[in-house]
Amino acid sequence: MCGIAGIVDPAGVDVQTLRRMTDSLRSRGPDDAGLHVEQGFGLGHRRLSIIDLAAGHQPMSNEDGTVWITYNGELYNYRELRAGLEARHRFATRSDTEVIVHLYEELGPAALQWLRGMFAFAIYDRRQATLLLARDHFGQKPLYYVHDGTRLAFGSEIKALLAFDPALAEMDEEALYEYLTLRIVTPPRSMFRSVRKLPPAHYLIFRDGRVTVEPYWQLRFEPKRRGSLQDHLRELDLQVRESVRHHLVADVEVGAFLSGGLDSSLVLAFMSQLGNAPVKTFTGLVPYDRYSEAPYARMVRARYGARGYEFTITPSLLDTLPEIMWHLDEPSDPLCVCLYYLAQLARREVKVVLGGDGGDELFAGYDRYYGNRYVAYYALLPEVVRRRLIGPMLSRLSDGGWYRSTRHQIRWLHELSFFSGGERYARSLSYFYLSDRFKRELYTPDFRRRVAGFDPEAAIARYFDGAPAREMLDRMLFTDAVTRLPDHPVMVLDRMTMAHGLEARSPFLDHKLAEFCASIPAQFKIRGRRTRYIQLKLAEAYLPSEILHREKQGFSSPFTYLLERELGLLFDVFLSAPKLVADGHLEGSAIRRLLDEHRCRRADHGQRLWLLCAAEVWYRMYIHREGRDAIHHEIERVRGAERALA
C-alpha cells in the first residue's frame, strides 16, 4: 500500500512543494519514495512494497514515457490482465502498477471496468495533456483533490493538500453540520471548504482547466437470482473462496485480524484452506470479561492451526488522541483507538492483513435492517393515536440508560414512524447523534443562517429513494454501501492501519462478491430478528457452533466502558470552553446541558459528546493550527491537575 500526491499546473510545478506533499504521506509508504516532474505536471509516491519488491518503484511510465502513473492499492487480478497484454506491450517489471498503465493505453478510462482490487491512482497522459484520477468500488483507498480553476492538486490524505497550500485549512460548515448529524461526511464534501473527496467507484478527468467526475460502477440489487437456499449457499461458498484467494496475492506474508466474530473467523477459515503455512492472526484482548472475545478467537485458531498473536489492549485516548486525529485528518469515532493499537501489533510481524470489514453490509448484519420493518408495522397505527396517546406516555419515561436500551429503541421506533422512505432511513441513522431535534439549541443563529438550505440527511435520503432496488432491505444495504461504509469503517480501517505502514485487505469488499450478494433475495438475509441468515448457514460448515450463536458485539463495544473516565476528562478539557463556541458556530449552553445530563446519568449522551469533542479537537488542530504538540500539552495539563487533586 502507498501514498500518492501530485500537481497539474500549466505554469509549472514546484519540486519542493511536491516533495512536501509526498513526505507528509511517509507513514503510508515507508519503503521507498519517488518524484517525477515535467513541464505542467508532477507526480509523487511513497511506497509500501507488497508486489515486485525490487522493481516496483514509482512514479512509473509506459515504454515511451508518454503515460505516467502514481498508484496506491493492490490489483488482485493483475496476473490475468497481464497475460492478455504481454503480446502488445513490453513489461519492465512484475508489478500490478505497470498492468494499469498498459491497460489505460489501450482503453483509457474504460480500463476501470477490468480492475478487481482496491486502488486510488493518478495517470497523466502527455499525449492529451490529461489527468485521470480514479478510486476503487467501495472507496477502500482514499483520494482528495483541490481545483482552483487552472491548477489541480491531489493526495491520498488531506494533509498532502495542506502541504500544497496551508490556506486550504478552512472549515466547511455544512460538513460540520453533516458530521454532527450522521458521524460521516459524504463525498464530494470534506471537512475543508475547498478540498473535495473523489467518491468511490468514480473517476475524474482534468483537461484544459476543467474537471469532470463520472461513475464507472454501481452496485445493483436487481434482478434477483432464482433457486433454493441451498443453491445460493453453494454459489456463495465459491464466491467467498474466490475473493479470499484473490486477496492472498502478495510477495510478502499475509496475516489476519481475528476478533472471534463471524466475519473475521470466516476469512481465516478460507485463508487456512487456500494457503500452505499456518496463518498468523492478531487478536486484541480487553480487561473486561463480559466483552472478552479471546475464547472465540482461540476456538477458530485451534480448528485451523493458526498461529495466534494476542495482546491486552489497555487503550488511552489521552496518550493517542492527537496522533489518531492527525492520521484521520477529519473527526471520526474515538473507538478507532483499538484498531490503532491492533495495527501496531500486527505490523511487527507482517505487512499485510486480511479482515472481515464489509460483512454487515453484504449480509445485513445490523439491527436497524429488521428494526425499520417494525417501524413500518408500528406506523400502521393511526397517527392521532401515536401523537396524542402513545407519544405523551413515552415522554414520561426517563431518558437515562444505555443508548441501545429498550426504552431508547422504543423512542427510536416511535419517532421514525412519522417519516417515510429515505427520510425515515436517514432519521434512523441520525437518531442517536445530534439529529434535527438538537438543531435549534446546539447551533447559533448565525451558523443556522450560513447553512440554511442544506439538509445534512439529504444524501442518505437521496440514495435510499434512488436505489437500484425494490425491497426495503436492499435499499438500506445500497445506501449504507455508498455512504456509511466507505466514510466510516472503511476510512477508519485505512487510516489506522496505514498509520503503521500496514496494508489491510477486506475480502467482503470485493466488488464481484458484492454483486453476487446483492442478487441474493432479501428473505435469505433476514429471518425475523435473525440477521445475516445466509452467512450463518455458510459458516456452519466452517466454524464452531459457539461462534454462530453468540450475540453480535462489534470490535469496539467494550471501549465505551474502558474509556469512560478518559472520555470524561477529555470532555472537561475540550468542551468546557470550546473554540467552536468562541468562533460562533455552536451554543455553549447546549453543550453544558448535554454534559450535565450525561454526568448525572439522566441521559446517555456519550455518542453525542464524543462527536462534539472530536470536532473540537480537529478544529483546534487544523483550523486554529495548534498541532499535535499543543493538544498533547493541554491534555497533560489537565491530567496533571487531576493527579494533584487525587
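- Using a cutoff of 4.0 Å between basic side-chain nitrogens and carboxylate oxygens, Arg599 and Asp572 are scored as salt-bridged.
- Residues Asp357 and Gln140 bring no donor and acceptor atom of their side chains to less than 3.5 Å of each other.
- A salt bridge links Asp436 with Lys439: at least one charged nitrogen is closer than 4.0 Å to a carboxylate oxygen.
- In summary, the side chains of Ser428 and Arg368 do not present any donor paired with an acceptor at a separation below 3.5 Å, with no hydrogens or angles considered.
- The shortest heavy-atom contact between Leu513 and Gln239 is CD1-CB, 3.7 Å.
- Tyr340 and His327 are not linked by any side-chain donor-acceptor pair at a separation below 3.5 angstrom, with hydrogens and angles left out of the test.
- Residues Phe447 and Leu176 are in side-chain contact: their nearest non-hydrogen atoms beyond the backbone lie under 4.5 Å apart.
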inquiry  = Quick one, Leu536 with Phe363, criterion side chain to side chain contact (heavy atoms under 4.5 Å, CB included). Give me CA distance, side-chain angles, the key distance, then yes/no.
reply    = CA-CA 9 Å; Leu536 284 165; Phe363 302 108; over 6 Å; no

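- Remark: the Asp480 side chain and the Tyr366 side chain contain no N/O donor-acceptor pair separated by less than 3.5 Å.
- Looking at Arg608, its side chain never comes within 3.5 Å of a backbone N or O of Leu594 through a donor-acceptor pair.
- Aromatic ring orientation, Phe119 versus His137: perpendicular (interplanar angle above 60°, classes split at 30° and 60°).
- Note that CZ of Arg448 is 9.0 Å distant from OH of Tyr177, once rounded to the nearest 0.5 Å.
- Counting heavy atoms from C-beta on, the side chains of Val375 and Phe419 never come closer than 4.5 Å.
- Side-chain N/O atoms of His202 and Glu214 include no donor and acceptor closer than 3.5 Å.
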message = Let's go through Tyr374 and Arg529 carefully: what are the C-alpha distance in whole Å and the side-chain angles of both, what is the deciding distance for side chain to side chain contact (heavy atoms under 4.5 Å, CB included) to 0.1 Å, and is it a yes or a no?
response = CA-CA 10 Å; Tyr374 292 146; Arg529 290 171 58 90; 3.1 Å; yes

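- No donor-acceptor pair under 3.5 Å is formed between the side chain of Asp136 and the backbone N or O of Ala120.
- To the nearest 0.5 angstrom, Glu441 atom CD is 9.5 Å from Glu587 atom CD.
- Side-chain contact between Ser417 and Glu383: absent, with no pair of heavy atoms (C-beta onward) separated by less than 4.5 Å.
- In this structure, Arg427 contributes its side chain and Leu416 its backbone to no donor-acceptor pair below 3.5 Å.
- Annotation: side chain of Val353 is not in contact with side chain of Arg505 (no heavy-atom distance under 4.5 Å).
- Nearest heavy-atom pair, Val185 versus Lys197, reported as atom, atom and distance to 0.1 Å: O-NZ, 2.7 Å.
- Side-chain atoms of Thr186 never come within 3.5 Å of backbone atoms of Thr483 as a donor-acceptor pair (strictly under, hydrogens ignored).
- Atom CG of Leu611 and atom OG1 of Thr181 lie 9.0 Å apart (nearest 0.5 Å).
- The shortest distance between side-chain heavy atoms of Leu233 and Phe524 does not fall below 4.5 Å.
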message = Is there a side chain to side chain contact (heavy atoms under 4.5 Å, CB included) between Thr444 and Leu586? Walk through the geometry before answering.
response = CA-CA 5 Å; Thr444 65; Leu586 305 180; 5.6 Å; no

task = Quick one: do Arg475 and Glu471 satisfy side chain to side chain contact (heavy atoms under 4.5 Å, CB included)? Show the steps, please.
result = CA-CA 6 Å; Arg475 289 181 178 274; Glu471 294 271 358; over 6 Å; no

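- At most 12 non-hydrogen atoms from other residues, nucleotides or ligands lie less than 6.0 angstrom from CZ of Arg440.
- Looking at residues two or more places apart in sequence or on another chain, you find no salt bridge (Lys or Arg N to Asp or Glu O under 4.0 Å) involving Asp596.
- With sequence neighbours left out, Ser228 forms a side chain to side chain donor-acceptor pair (under 3.5 Å) with Asp231.
- The line from CG of Asn372 to CG of Leu429 is 8.0 Å long, rounded to the nearest 0.5 Å.
- The closest side-chain heavy-atom distance from His488 to Met491 is not below 4.5 Å.
- At least one side-chain heavy atom of Leu567 sits less than 4.5 Å from a side-chain heavy atom of Trp610.
- Taking the six-membered ring for Trp and the full ring otherwise, Phe574 and Trp618 have centroids separated by 6.0 Å or more.
- Residue pairs meeting the ring-ring contact (aromatic ring centres under 6.0 Å, His included) criterion with at least one partner in residues 527-548, sequence neighbours excluded, are Phe270-Tyr542.
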key: Worked check of salt bridge (Lys or Arg N to Asp or Glu O under 4.0 Å) between Asp487 and Arg189   = CA-CA 11 Å; Asp487 290 309; Arg189 188 175 290 106; over 6 Å; no

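- Contact between Ala614 and Ser332 at its shortest, heavy atoms only, is CB-O, 3.9 Å.
- When the ring-ring contact (aromatic ring centres under 6.0 Å, His included) test is applied to Phe418, the partners found at least two apart in sequence or on another chain are His414.
- Comment: Arg484 does not engage Asp360 in a salt bridge, judged by the lack of any side-chain N to carboxylate O separation of less than 4.0 angstrom.
- Distance alone, capped at 3.5 Å, places no donor-acceptor pair between the Lys224 side chain and the Ala522 backbone.
- In this structure, Asp465 contributes its side chain and Gly422 its backbone to a donor-acceptor pair below 3.5 Å.
- Not one N or O on the side chain of Arg193 forms a donor-acceptor pair closer than 3.5 Å with the backbone of Ser190.
- What you find for Glu457 and Ser435 is that their closest heavy atoms are OE2-CB, 4.5 Å.
- The list of side-chain hydrogen bond (donor to acceptor under 3.5 Å, both in side chains) pairs with a residue in residues 513-524, not counting sequence neighbours, reads Trp217-Glu515.
- A distance of 6.0 Å or more separates the ring centres of Tyr443 and Phe438.
- Across all their heavy atoms, Asp263 and Arg532 have their closest contact at OD1-NH1, 2.8 Å.
- For Leu285 against Ala294, the heavy-atom pair with the smallest separation is CD2-CB, 3.3 Å.
- By the 4.5 Å heavy-atom criterion applied to side chains, Phe508 and Glu361 are not counted as neighbours.
- At least one donor-acceptor pair closer than 3.5 Å links the side chain of Glu330 to the backbone N or O of Met191.
- Looking at Lys525, its side chain does come within 3.5 Å of a backbone N or O of Cys517 through a donor-acceptor pair.
- Residues in residues 458-480 take part in these ring-ring contact (aromatic ring centres under 6.0 Å, His included) pairs, two or more places apart or across chains: Tyr425-Phe464.
- Panel note: side chain Ser259, backbone Gly261; a donor-acceptor pair is recorded below 3.5 Å.
- At a cut-off of 3.5 Å, with distance as the only test, a side-chain donor of Tyr622 or Asp329 sits close to an acceptor on the other residue.
- From Leu258, atom CG reaches atom OG1 of Thr283 across 4.0 Å, with rounding to the nearest 0.5 Å.
- Considering CG of Asp604 and CD of Glu597, their distance stands at 11.5 Å, rounded to 0.5 Å.
- For the residue pair Arg220 and Gln218, a side-chain donor N or O sits within less than 3.5 Å of a side-chain acceptor on the partner.
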